[in-house]
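Encoded as structure tokens, the structure appears first; notes follow it.
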Amino acid sequence: MRIKIAPSILSARFDRLADQVKEAAEAGADMLHIDIMDGHFVPNLTMGPALVKSIRPLTKIPFDAHLMVTHPQNFVEAFADAGVDDLTVHVESDHDVPATLNAIRDAGVHPGIVLNPATPFDRAVPYLGDVSLLLVMTVHPGFAGQAFRADVVPKLREARAYIDRERLDVELEVDGGIKIDTAPIAAEAGADILVSGSGIFPDRIRENLEALRAAAEKARSRSKRV
């Protein structure tokens with residue numbers, strides 16, 4: 001299975017968002033990553049369900065929504081109704097994680113969990129049998145354009161090894177500082193999905209996406225040969 005690329009619209013031009021969404025989809029994006037921030041769990045505020053609903057008709061590729069919010073259980077229904085396909089929630093948020101994951105699944109959406117850079121992989125283990133995605137942050141959440149944290153790579157390797165050993169149907173997603181030079185690092189560590197914002201948007205979207213995928217695929221192929 002090829003590595004999936006998920007452009008993050010947080011780095012898109014919002015005055016041309018519709019065009020940028022279409023361009024990313026036409027360039028071969030596997031899904032669209034949408035960062036939801038509440039101004040509390042993280043300092044910034046971003047888009048809400050109304051914006052997501054407005055761009056949903058523009059493409060049929062999956063919408064991968066990342067809830068960076070304090071009480072994610074309060075947002076499940078609204079974003080499910082807006083048309084997201086995947087909904088990932090932080091283990092660090094203030095909520096009953098199993099109950100939130102059940103609510104996401106009951107809403108007809110694929111549930112996932114997220115780990116901040118400082119959160120150990122062990123925090124994810126109790127939930128991996130109940131999710132479709134494990135998102136590992138390689139930057140602190142809340143701000144676009146941060147540099148990739150290489151100190152998180154061992155956690156990626158640990159997650160990959162556990163998922164494979166337990167034969168779990170869980171995709172390993174990585175978000176934070178993913179660009180042409182860091183995509184190979186994440187891919188070699190075992191990532192299935194690479195989220196990239198400023199590595200793809202706002203200009204030369206097709207060229208950036210194709211280069212990112214090629215670099216990641218080359219690294220993964222090399223790692224499988226050794």
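Computed from heavy atoms alone, side chains included, the values below leave out hydrogens, waters and symmetry copies.
- Taking R105 as the reference, N102, P111, D130 meet the side-chain contact (heavy atoms from CB on, under 4.5 Å) condition, with sequence neighbours excluded.
- In the hydrophobic clustering of this structure, L58 groups with F14; members are Ile, Leu, Val, Met, Phe, Trp, Tyr whose side-chain heavy atoms approach within less than 4.5 Å, directly or through other members.
- With sequence neighbours excluded, the residues satisfying side-chain contact (heavy atoms from CB on, under 4.5 Å) with A191 are V174, A186, L194.
- Side-chain N or O atoms of T46 include one that pairs as donor or acceptor with a backbone N or O of M37 at under 3.5 Å.
- The hydrophobic cluster around V195 extends to none of the other residues, as no ILVMFWY side-chain heavy atom falls under 4.5 Å of it.
- Between the T138 side chain and the D175 main chain, a donor and an acceptor come within less than 3.5 Å of each other.
- When hydrophobic residues (I, L, V, M, F, W, Y) are linked wherever their side-chain heavy atoms come within less than 4.5 Å, the members clustered with M31 are L133, I193.
- Nearest heavy-atom pair, F201 versus S11, reported as atom, atom and distance to 0.1 Å: CB-O, 3.3 Å.
- Evaluation of the salt bridge (charged side-chain N to carboxylate O under 4.0 Å, His left out) test over residues 148-160, restricted to residues two or more places apart or in two chains, returns R149-D151, R157-E188, R160-D164, R160-D192.
- Listed here is the closest heavy atom pair of L209 and A27: CD2-O, 3.9 Å.
- How far CG of L17 is from CG of L51: 6.0 Å, rounded to the nearest 0.5 Å.
- Under the rule for a side-chain contact (heavy atoms from CB on, under 4.5 Å), P154 has no partner lying at least two apart in sequence or in another chain.
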Check: residues 63-70 side-chain donor-acceptor pairs under 3.5 Å, at least two apart:
{"unit_1": "D64", "atom_1": "OD2", "unit_2": "H33", "atom_2": "ND1", "d": "2.8"}
{"unit_1": "H66", "atom_1": "ND1", "unit_2": "D35", "atom_2": "OD1", "d": "3.2"}
{"unit_1": "H66", "atom_1": "NE2", "unit_2": "H90", "atom_2": "NE2", "d": "2.8"}
{"unit_1": "T70", "atom_1": "OG1", "unit_2": "D38", "atom_2": "OD2", "d": "3.4"}
{"unit_1": "T70", "atom_1": "OG1", "unit_2": "H40", "atom_2": "ND1", "d": "2.5"}
{"unit_1": "T70", "atom_1": "OG1", "unit_2": "F41", "atom_2": "N", "d": "3.2"}

Practice item. In sequence, state the C-alpha distance, the side-chain angles, and the governing distance for E173 and V136, and then conclude on side-chain contact (heavy atoms from CB on, under 4.5 Å). Key: CA-CA 6 Å; E173 185 174 16; V136 175; over 6 Å; no
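- Scanning for ring pair (Phe, Tyr, Trp, His ring centres under 6.0 Å) contacts around Y162 gives F121, with sequence neighbours left out.
- Applying the salt bridge (charged side-chain N to carboxylate O under 4.0 Å, His left out) test to every pair with at least one member in residues 65-94, sequence neighbours left out, gives these pairs: R56-D85.
- A82 and P49 make their closest contact through CB-O, 3.5 Å (heavy atoms, listed as atom of the first residue, atom of the second, distance).
- Contact of the L87 side chain with the V76 side chain is registered, since non-hydrogen atoms from C-beta on lie closer than 4.5 Å.
- Within the 3.5 Å criterion, the main-chain N or O of G177 finds a donor-acceptor partner in the side chain of T182.
- Residue L101 is grouped with residue V125 when hydrophobic side chains (ILVMFWY) are merged at heavy-atom distances under 4.5 angstrom, including chains of intermediate members.
- The list of salt bridge (charged side-chain N to carboxylate O under 4.0 Å, His left out) pairs with a residue in residues 9-31, not counting sequence neighbours, reads R2-D30, R13-D15, D30-R213.
- Applying the 6.0 Å contact sphere to NE2 of H71 captures more than 12 heavy atoms from other residues, nucleotides or ligands.
- Looking at residues two or more places apart in sequence or on another chain, you find no side-chain contact (heavy atoms from CB on, under 4.5 Å) involving D203.
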Practice item. Report the C-alpha separation of I55 and I9 in whole Å, then their side-chain angles, then the decisive distance to 0.1 Å, and conclude whether the side-chain contact (heavy atoms from CB on, under 4.5 Å) test is met. Key: CA-CA 11 Å; I55 63 172; I9 62 171; 4.0 Å; yes
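- Side-chain contact between K179 and S198: present, with at least one pair of heavy atoms (C-beta onward) separated by less than 4.5 Å.
- Heavy-atom neighbours of R167 CZ from other residues, nucleotides or ligands within 6.0 Å: at or below the threshold of 12.
- Checking side-chain atoms of R123 against main-chain N and O of L115 turns up no donor-acceptor pair under 3.5 Å.
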Practice item. Carefully, step by step, assess T88 and I113 under the rule side-chain contact (heavy atoms from CB on, under 4.5 Å). Key: CA-CA 5 Å; T88 53; I113 51 172; over 6 Å; no
Exercise for review: Would you sort out whether N208 and L212 count as a side-chain contact (heavy atoms from CB on, under 4.5 Å), showing the intermediate values?
Suggested key: CA-CA 6 Å; N208 292 336; L212 194 75; over 6 Å; no
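- Listed by chain and residue number, R220 satisfy the salt bridge (charged side-chain N to carboxylate O under 4.0 Å, His left out) test with E217 (two or more places apart in sequence, or in another chain).
- Formation of a donor-acceptor pair under 3.5 Å by the N116 side chain with backbone atoms of T119 is not found in this model.
- Looking at heavy atoms from C-beta onward, M137 lies out of side-chain contact with V152 at the 4.5 angstrom threshold.
- At a threshold of 4.5 Å between non-hydrogen side-chain atoms, the residues Q73 and D96 do not count as touching.
- Taking all atoms of both residues into account, the shortest heavy-atom contact from A159 to L134 is CB-CD2, 3.8 Å.
- Listed here is the closest heavy atom pair of I205 and A24: CG2-CA, 3.8 Å.
- Across every non-hydrogen atom of A29 and I61, the tightest pair is O-CG2, 3.8 Å.
- A donor-acceptor pair under 3.5 Å is formed between the side chain of S196 and the backbone N or O of I178.
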